[in-house]
Peer 1: 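The following block contains the structure, expressed as structure tokens.
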Amino acid sequence: MPVDSPVTILGWVRTVRTGKEVAFLEVNDGSCMKNVQGVVNQPERFPILDKILTGAAIRMKGKLVASAGKGQKYEVAVDGLDLVGEADATFPLQKKRHSMEFLRDIAHLRPRTNTFGAVNRLRSKLAFAIHKYYQERGFFYIHTPIISASDCEGAGNLFRVTTVDLHHPPMKDGRLDWDADFFGTEAYLTVSGQLEGELLATALGDIYTFGPTFRAENSNTARHAAEFWMIEPEMAWAELEDNMNLAEDFLKFLFRYALDQCKDEMDFFSQWVDPGVRETLEGIVQSKFERLPYSEAIRILERSGEKFEYPVSWGIDMQSEHERYLTERTFKKPVIVYDYPEEIKAFYMRLNDDGKTVRAMDVLVPKVGEIIGGSQREERFDILVDRMKKKGIENVEAYSWYLDIRRYGSVPHAGFGLGFERALMYISGMGNIRDVVPFPRVPRWAKF
RNA sequence: UGCCCUGUAGCUCAGUCGGUAGAGCAGCUGACUGUUAAUCAGCGGGUCGCUGGUUCGAGCCCAGCCGGGGCAGCCA
């Protein structure tokens, strides 16, 4: 747009500075980090200025001009000013830093801050980048059910879905009669689309899901939410090596995409949220993720000389402190740990020839911890059934549909789950999952 | 769920030994010819989370409850 073009600015006032001869209005319309400065000469022409405070929605007409001041190249010489929506002095957001805790209480207004504007734009761009990545590589986007009847998907507690009158539930033989419920059986919100994803992968080849996921765990940490979005690719004709390659390439693609497509947002995060995240991501895009077998990881931890709260030995489920040691101290970059002990991993993971480990992998990153969990799936019918029984799954028949994939035309396949919010945390440097989702759901909090 | 920290003005916080409430920002009034979280002068603003207890007297000490946060577990 050339200088001297007529412009109309629609946006929300971030700050007003008034003088006798000149007034300045800084306006942001949410489209980017930058504000536009409106300059009002002879402010007495616009009595409405008295009512325009921080937070007001205004329409500003004028001419685009080269700025006479420092700090911006261009500005708007205002000759028309309307107050579209007043914001009085009770408007909670001020032109200074607020605590994240306070902003969570006003989650309906926090998108108007620099930080949450940046987070929400990043979130949108990366959601698109996920589709771009998989679509360009021939993966099909599939929709797995959000309501699920299988209660043993393996990951944590589930939210029940029901239409029964909880005060007067239908009873039969002294027990609740689920046959009288909406689906004629117990139903839950999904904790993973993986099992259904496998069904589609063994038909379409490579697929991915990207949708909401629900865990009813009473988790009170900065990296757990009751409702979050998960990306789950699943590849037929693929083994663990392919899975690790995909995970690494995919994460790097997302980092690169954020650096290239969200430059101003990344600069903002790097300056105000987590000093140097931009440089950290740039470094990681260039480097290779460290890949090490679980047994090797345990050896490193044992030899570290570090005093861990939870002692280290082969067979333990690694604790936060162990994962952090590996990513933050030993390697200072993402680490893929694979070939975990069979005892501590889910039934569907492929058993190695040693009979002791399975083809599982976790991608760990500094600060956030586990960002990806995945595996090569057990495609051998008999071994899968054995492992299900060994893991204490009583009604193996309930999984006949899952087992049928191994009964008919079984192929090696592999996949993983990436927590979208955890990726956003890592990329933005935001320290709490509640601040990378517009309206977070965590224990005791479902407001807005 | 466990351990720890925390709750004072619209916001961010200070508040000494238990003696009856304070600063910055925001708002209002005024000053200022170009500001950048503008600056300068002045003004208004409080159920100290709630309930009870100890005390002549509680923001401060004690108990219970409610809210928020951190770490851990569960996991993405």
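Each chain gets a letter, A, B and so on, in the order its sequence line appears, and its residues count up from 1. Predicted model only: the values in this text are computed from it and were never measured.
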Peer 1: Can you tell me how far P in B:G7 sits from the matching atom in B:A76, rounded to whole Å?
Peer 2: 37 Å
Peer 1: Could you check how far CE of A:Met361 sits from C1' of B:C75, rounded to whole Å?
Peer 2: 15 Å
Peer 1: If the P atom of B:A23 is compared with that of B:G53, how far apart are they to the nearest Å?
Peer 2: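 Approximately 34 Å lies between the P atom of B:A23 and that of B:G53.
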Peer 1: Let's see if you can work this out: which of B:U12, B:U33, B:G34 has an atom nearest to the side-chain heavy atoms of A:Lys20?
Peer 2: B:U33
Peer 1: Checking base pairs now: Watson-Crick or wobble, both atom distances under 3.5 Å. What partners B:G7?
Peer 2: B:C66
Peer 1: Here's a test for you: under salt bridge (charged side-chain N to carboxylate O under 4.0 Å, His left out), which of A:Arg359, A:Arg387, A:Lys356 qualifies with A:Glu342?
Peer 2: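 Running salt bridge (charged side-chain N to carboxylate O under 4.0 Å, His left out) over A:Arg359, A:Arg387, A:Lys356 with A:Glu342 returns exactly one hit, A:Arg387.
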Peer 1: Whole angstrom is fine here: how far is it from CD1 in A:Ile344 over to P in B:G73?
Peer 2: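 For the pair A:Ile344 CD1 and B:G73 P, the rounded distance is 13 Å.
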Peer 1: Does one side chain, of A:His413 or A:Glu198, offer a donor that lies under 3.5 Å from an acceptor on the other?
Peer 2: yes
Peer 1: Work out how far the C1' atom of B:C61 is from that of B:C75, and round it to whole angstrom.
Peer 2: 43 Å
Peer 1: For A:Arg104, which contact category applies under a 4.0 Å heavy-atom criterion: base, sugar-phosphate, or nothing?
Peer 2: sugar-phosphate
Peer 1: Whole angstroms only, please: what is the CE-C1' distance between A:Met100 and B:U6?
Peer 2: 19 Å
Peer 1: Where the side chain of A:Tyr208 meets the backbone of A:Gln135, is there a donor-acceptor pair that is under 3.5 Å apart?
Peer 2: no
Peer 1: Can you figure out which of B:A76, B:G69, B:A37 approaches the side chain of A:Ile433 most closely?
Peer 2: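 Of all the options, the side chain of A:Ile433 is nearest to B:A76.
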Peer 1: Under 4.0 Å, heavy atoms only, any strand: does A:Ile372 hit a base, just the sugar-phosphate, or nothing?
Peer 2: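 A:Ile372: backbone/sugar contact only, no base atoms under 4.0 Å.
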Peer 1: To the nearest 0.5 Å, how far apart are OG1 in A:Thr113 and CD1 in A:Ile106?
Peer 2: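 A:Thr113 OG1 to A:Ile106 CD1: 8.0 Å, rounded to 0.5 Å.
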Peer 1: Tell me the closest heavy-atom pair linking A:Glu370 and A:Arg422, and the distance in Å.
Peer 2: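 Scanning both residues completely, I find the closest heavy atoms to be O-NH1, 2.8 Å.
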Peer 1: When rounded to the nearest 0.5 angstrom, what is the spacing between CD1 in A:Ile130 and CG in A:Leu418?
Peer 2: 6.5 Å
Peer 1: Give a yes or no on this: more than 12 heavy atoms of other residues, nucleotides or ligands lie within 6.0 Å of atom CZ of A:Phe128.
Peer 2: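 At most 12 heavy atoms, drawn from other residues, nucleotides or ligands, come within 6.0 Å of this atom.
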Peer 1: For A:Lys125, does the NZ atom have more than 12 heavy-atom neighbours from other residues, nucleotides or ligands under 6.0 Å away?
Peer 2: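 Result for NZ/A:Lys125: open.
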Peer 1: Rounded off to whole Å, could you give me the CH2-to-P distance for the A:Trp445 and B:G69 pair?
Peer 2: 8 Å
Peer 1: Would you measure the distance from the C1' atom in B:C11 across to the matching atom in B:A26 and give it in whole Å?
Peer 2: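 Their C1' atoms lie roughly 7 Å apart.
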Peer 1: Without decimals, in angstroms, what is the distance between A:Arg112 CZ and B:A37 P?
Peer 2: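 So the two atoms are 21 Å apart, to the nearest Å.
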Peer 1: Could you identify which residues of residues 303-325 of chain A place a heavy atom less than 4.0 Å from some atom of RNA chain B, listed by residue number, or say none?
Peer 2: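 The answer is A:Tyr310, A:Gln319, A:Ser320.
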Peer 1: Using whole Å, what does the distance between atom P of nucleotide B:G68 and atom CG of A:Asn432 come to?
Peer 2: 13 Å
Peer 1: Could you check whether A:Leu53 gets within reach of a base, just the sugar-phosphate, or nothing at all, counting any heavy atom under 4.0 Å?
Peer 2: sugar-phosphate
Peer 1: Would you indicate what A:Gly417 reaches in the nucleic acid, counting non-hydrogen atoms under 4.0 angstrom: base, sugar-phosphate, or nothing?
Peer 2: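 Sugar-phosphate only.
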Peer 1: Compare side-chain N and O positions of A:Arg17 against OP1 and OP2 of B:U35 and report whether any pair is under 4.0 Å apart.
Peer 2: no
Peer 1: Could one point to a donor on the side chain of A:Gln72 or the base of B:U35 with an acceptor on the other under 3.5 Å away?
Peer 2: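 Per atom types, the contact qualifies.
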Peer 1: Could you measure between the two P atoms, the one in B:G27 and the one in B:U20, and give it in whole Å?
Peer 2: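 These two P atoms come out 33 Å apart once rounded.
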Peer 1: Is there a side-chain contact between A:Thr213 and the phosphate of B:A76, meaning an N or O under 4.0 Å from OP1 or OP2?
Peer 2: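 Negative; the distance criterion is not met.
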Peer 1: How close or far is atom P of B:U6 from atom CD of A:Glu101, stated in whole angstroms?
Peer 2: 14 Å
Peer 1: Quick one: does any side-chain atom of A:Lys34 pair with a main-chain N or O of A:Gln72 as donor and acceptor, under 3.5 Å?
Peer 2: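 It does not hold such a pair.
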Peer 1: Which nucleotide in the list B:G69, B:G73, B:G70 gets nearest to the side chain of A:Ala222?
Peer 2: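 Nearest nucleotide to the side chain: B:G70.
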Peer 1: Go ahead and name the base partner of B:G18; Watson-Crick or wobble counts if both distances stay under 3.5 Å, otherwise write none.
Peer 2: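 Pair assignment: B:G18 / none.
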Peer 1: Please determine whether any donor N or O and acceptor N or O are separated by less than 3.5 Å between the side chain of A:Arg422 and the base of B:C75.
Peer 2: yes
Peer 1: Is there a side-chain contact between A:Asn157 and the phosphate of B:C75, meaning an N or O under 4.0 Å from OP1 or OP2?
Peer 2: no
Peer 1: Let me confirm one number: the CG-CZ distance from A:Leu158 to A:Phe214, rounded to the nearest 0.5 Å.
Peer 2: 11.5 Å
Peer 1: Calculate the interatomic distance between A:Leu49 atom CG and B:U35 atom P; express it in whole Å.
Peer 2: 18 Å
Peer 1: Between atom CZ of A:Arg110 and atom CG of A:Asp105, what is the distance when rounded to the nearest 0.5 Å?
Peer 2: 10.0 Å
Peer 1: What's the closest nucleotide to the side chain of A:Thr221 if the choices are B:C11, B:A38, B:A72?
Peer 2: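 Of B:C11, B:A38, B:A72, B:A72 is nearest to the side chain of A:Thr221.
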Peer 1: How is A:Gln194 classified with respect to the nucleic acid when contacts are heavy atoms under 4.0 Å: base, sugar-phosphate, or nothing?
Peer 2: nothing
Peer 1: In whole Å, what separates the C1' atom of B:G59 from that of B:G22?
Peer 2: 12 Å
Peer 1: For the P atoms, the ones on B:G49 and on B:C60, what distance do you get once it is rounded to whole angstrom?
Peer 2: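 It comes out at 8 Å once rounded to the nearest Å.
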Peer 1: Is the shortest side-chain N/O distance from A:Arg223 to OP1 or OP2 of B:A72 below 4.0 Å?
Peer 2: yes
Peer 1: Answer with base, sugar-phosphate or nothing: what part of the nucleic acid does A:Thr54 contact at a heavy-atom distance below 4.0 Å?
Peer 2: nothing
Peer 1: Under a 3.5 Å cut-off for both distances, is B:U55 Watson-Crick or wobble paired, and to whom?
Peer 2: none
Peer 1: Could you please name the option among B:G70, B:C25, B:G73 that lies closest to any side-chain atom of A:Lys96?
Peer 2: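 Looking only at heavy atoms from C-beta outward on A:Lys96, the closest nucleotide is B:C25.
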Peer 1: Let me spell it out: for each of A:Ser67 and A:Thr90, pick the nucleotide of RNA chain B with the closest heavy atom. Which residue's pick is nearer the 5' end?
Peer 2: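 Comparing both residues, the 5'-ward one is A:Thr90.
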Peer 1: Just compare B:U36, B:C11, B:C75 and give me whichever is closest to any side-chain atom of A:Arg215.
Peer 2: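 Closest of the options to the side chain of A:Arg215: B:C75.
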Peer 1: Base of B:U1, side chain of A:Asn220 - is there a donor-acceptor contact under 3.5 Å?
Peer 2: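 Pair found.
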Peer 1: About how many Å separate CZ of A:Phe253 and CD of A:Glu136, when rounded to the nearest 0.5 Å?
Peer 2: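 Rounded to the nearest 0.5 Å, the CD-CZ separation comes to 6.0 Å.
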Peer 1: So, A:Phe228 and B:A76: ring centres less than 5.5 Å apart, planes less than 30° off, yes or no?
Peer 2: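 So yes, this residue stacks on that base, both cut-offs being met.
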Peer 1: Taking only the C1' atom of each, what is the distance from B:C48 to B:U8 in whole angstrom?
Peer 2: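 It comes out at 4 Å once rounded to the nearest Å.
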Peer 1: Hunt down the Watson-Crick or G-U wobble partner of B:A31, both distances under 3.5 Å, from any strand shown, or write none.
Peer 2: B:U39
Peer 1: Test for a donor-acceptor pair under 3.5 Å between the base of B:G34 and the side chain of A:Glu21, counting only N and O atoms.
Peer 2: no
Peer 1: Take A:Arg444 and A:Glu370, find for each the nucleotide of RNA chain B with the closest heavy atom, and name the residue whose nucleotide sits nearer the 5' end.
Peer 2: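 It is A:Arg444 whose nearest nucleotide is closer to the 5' end.
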Peer 1: Which nucleotide wins on minimum distance to the side chain of A:Gln94, given the candidates B:U36, B:C11, B:G68?
Peer 2: B:C11
Peer 1: Which one is paired to B:C71, where only Watson-Crick or G-U wobble pairs with both distances under 3.5 angstrom count?
Peer 2: B:G2
Peer 1: Considering just the side-chain nitrogens and oxygens of A:Arg434, establish if one lies under 4.0 Å of OP1 or OP2 belonging to B:G69.
Peer 2: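 It does, given that an N or O in the side chain of A:Arg434 lies less than 4.0 Å from OP1 or OP2 of B:G69.
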